[in-house]
Amino acid sequence: MSQPGLTIALAGNPNAGKTSLFNALTGARQHVGNYPGVTVEKKEGEVRHQGQVVRVVDLPGTYSLTAYSLEELVARNYVIGERPDVVVDVVDAANLERNLYLAVQFMELGAPLVIALNMMDVAEARGMKIDVAKLSQLLGVPVVPTVARTGKGMEELMAAAVEVARAQRPWRPLVISYGSDVDEGLKELTSLLEGKEVRHGLLDARWLALKCLEADQEVLEKLQSDPHLAQRLLPVCRRVADHVRQTMDDEPESVIADYRYGFISAIARQAITWEREVRMDFSDKVDRVLTNRLIGPLFLVGVLYAVYQFVFWASEGPVAGLEAGFGWLGEAVTGLMPEGALRSLLVDGVIGGVGGVLVFVPLIMFMFFAIAIMEDSGYMARVAYLMDRVLRAFGLHGNSVISLIVGGGISGGCAVPGIMATRTLKDPQARLATMLVVPFMNCGAKMPVFGLLIAAFFADKKPEVMFGLTLFAWALALIAARILRSTLLKGEQAPFVMELPPYRTPTLKGLLIHMWERTWQYLKKAGTMLLSVSIVMWALMSFPGLPEERASHYEQALAQAESEQAKTELKNQQASEELAGSLAGRIGQAVSLITAPLGFEWRTNVALLGGLAAKEVIVSTLGTAYSLGKTEGEEGAASLAERLKEEPGWNALNALSLMVFVLIYSPCLATLVVMRRETGSWRWPAFSVVYTTAVAYLMALIVHQGGRLLGLGG
Ligand code: GDP
Ligand code: MG
């Protein structure tokens, strides 16, 4: 350690003016040697600052802190091992973005840092205007403009360096997002590294994990000193690296470097203004258009419209095919099995319940494919950047937009991967707020409900109603976020930089993997949760069954029925009566006093009860509840829609208030489970159930009662 005096380490890219600055600071008081064990020149000098002697160590000039060259290794190991009181990074202001790469690596390491913004004269001559205060604020590091050649700024630099050095604050590594693939991997690796001796109690676990992914030879060798840890860590590291290679078609270290540059590029665009035209690379040129305040949002709307069109166009055929397939399967099973509880369970509970949802998988798959294109190309980062300002006004963050879109922001996502996507949000309050509002989005499970009700009651205004519901969902999410952020989730919004990584051409393989990963999360839910819930709901709706005497009444009536139509009529009546007497039916009737002001029938209540587990269940339950599940032959959404239209308890207003209720009320079980996993307790999921259901009730009440006042719905 560097007691009693303070030690400053000077770092910087070659030709940034480090030697000049070192000389300007130390004058004649310097001596030259080698770093212990290596023949790399080590210059040291002394500065007197306010009566105190400060040691200045000149590190070798490097562009980076990897272990590729001896110079880089020496610089890094000096900082890690010797722990100078402060690192002064000499940055060539005229080449700010390239030079900040090293600064960001010091920040990732967590070392106390001051930036000497050197060559300010050159930068100005080139027509660059650097907002030093803004730069300092965005980086979270003191920045002092200097001209080493003339000695300008030396006093201020020393003052800033000494202030940081004296503060002796613990190392605080900067956390950058490196994209969802790397971030996920880092999380896993970090958890393996936490609290391990191999870190010498000094290094940050996430930093070590990052180095593993960057295949840093030196760190990997150090880790070998704990064979037990290495044995668990290295396979995970290899797997994550392979995954990144597969999806991004690139080495993890270059993906990580891209995100570092993305971080810098976002800062530079806020802190630098150019007085004249400058050479720009491809990404800069594209960004001038796509993140333009006027063209950017227009382009975004265009993209969203294209996504919407593409997804619905591409999935139409497969969805219809699957519908036909499950319909056929249901009939086949009906034909093969004798009538009875088991057949009813298979046909109505399993095939009807789970199949009714699986048919929407193509829709969700294409949606995730479109989202993968947006993410893998780098465009999603621009969307987040564009939306940042708007979302901040509501207490969220630019990156919240990704969660909201994945969660169904364009229609047809899933809140489960949406909530997992909040991991890129570092501000814990903004992250929680995002998690709590993602379930308001128009996810793929609500779509069948809307599809059914719109087909029945708003057939001539399909796109308008769907679009209106989507807008309503966004408005609600933003307002709820604002309220949450000014009540339960209060907190300062830290100045925060959004990474703008360079654009990439997505690979088909990468797109398919990303699409599949999210679809799989959805399928897992459909396969497990939905199957069991469908069975439970079927049971609740089937038992205890009709009393002996009613059952035989129907049996006789059926035997005497003359036409097929009369038979079907009778069967429907019987099913209806069965349902009313079932457990679920009794519950539905019991709460109908509460839901009457919203315009819901008791059968709707039964469906909503099932929807607590998974919203897809609502449609299949309505189907069974309106006794369609029991008739043979034609069934499905169209005929259920017909049926609802004829029901006396149903009209457009009731349907609208039901859609509003379904949009808002309690997140499904799978979402709650993920929320619990991501927040670490049941507190937030429980809160979520209560507040969303309360809001849903209120909104549906306003819609229904308001509509009636306006004389709608009859
Ligand atoms: P090092 O490689 O980082 O040690 O950089 P040097 O100190 O050797 O400087 C490289 C060149 O930049 C030298 O010709 C310096 O005179 C020049 N230089 C250093 N600082 C400044 C500055 O602030 N302004 C200008 N115009 N030139 C500088
Ligand atoms: Mg030099």
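In listed order, ligands and their atoms are each counted from 1.
Counted by atom type alone, T422 and R431 present one or more donor-acceptor pairs between their side chains at under 3.5 Å. With no hydrogens or angles considered, no side-chain donor-acceptor pair links R76 and T62 at under 3.5 Å.
Residue contacts with ligand 1 for T19 involve both N, CA, C or O and side-chain atoms from C-beta outward (heavy atoms, distance under 4.0 Å).
Residue T146 has no N or O atom closer than 3.5 Å to an N or O atom of ligand 1. Geometrically, ligand 1 and L21 share no nitrogen or oxygen pair separated by less than 3.5 Å. Of the polar atoms of M119, at least one N or O is found under 3.5 Å from an N or O of ligand 1, judged by distance alone.
Residue S20 has at least one heavy-atom neighbour below 4.0 Å for each of these atoms of ligand 1: 6 (P), 7 (O), 9 (O), 15 (C), 19 (C). When each atom of ligand 1 is checked for a heavy atom of N13 under 4.0 Å away, the hits are 3 (O). In summary, the atoms of ligand 1 found under 4.0 Å from a heavy atom of N118, numbered by their order in the structure, are 20 (N), 21 (C), 23 (O). Within ligand 1, the atoms closer than 4.0 Å to a non-hydrogen atom of K18 are 1 (P), 3 (O), 4 (O), 5 (O), 7 (O), numbered from 1 in the order shown. Atoms of ligand 1 lying under 4.0 Å from any heavy atom of N15, numbered from 1 in the order shown and given with element: 1 (P), 2 (O), 3 (O), 5 (O), 10 (C). The distance from ligand 1 to the heavy atoms of V147 drops below 4.0 Å at these ligand atoms: 22 (C), 23 (O), 24 (N). Under a 4.0 Å criterion applied to the non-hydrogen atoms of A148, ligand 1 contributes the atoms 20 (N), 22 (C), 23 (O).
With a 6.0 Å cutoff to the six-membered ring centre and a 45° limit on the axis angle, R382 does not count as a cation-pi contact of F299.
Every residue was checked against the ring pair (Phe, Tyr, Trp, His ring centres under 6.0 Å) condition with Y78, not counting sequence neighbours, and none meets it.
For P14, the heavy-atom gap to ligand 1 drops under 4.0 angstrom. Heavy atoms of G61 come nearer than 4.0 angstrom to ligand 1 in no pair at all.
Here the closest heavy-atom approach between residue H514 and residue A372 is recorded as CB-CB, 4.0 Å. Closest heavy-atom contact between L113 and A103: CD2-O, 3.8 Å.
Ring-plane geometry between Y261 and Y101 is classed as parallel, the angle between the planes falling under 30 degrees on a 0 to 90 degree scale with a further cut at 60.
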Report, one line per pair, each donor and acceptor closer than 3.5 Å where one atom sits in a side chain of residues 146-163; sequence neighbours left out.
unit_1 : atom_1 : unit_2 : atom_2 : d
T146   : OG1    : N118   : OD1    : 3.0
T150   : OG1    : V147   : O      : 3.3

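Annotation: side chain of R245 is in contact with side chain of D242 (closest heavy-atom distance under 4.5 Å).
Counting heavy atoms only, G17 comes closest to atom 5 (O) of ligand 1 of the residues G17, A94, P60.
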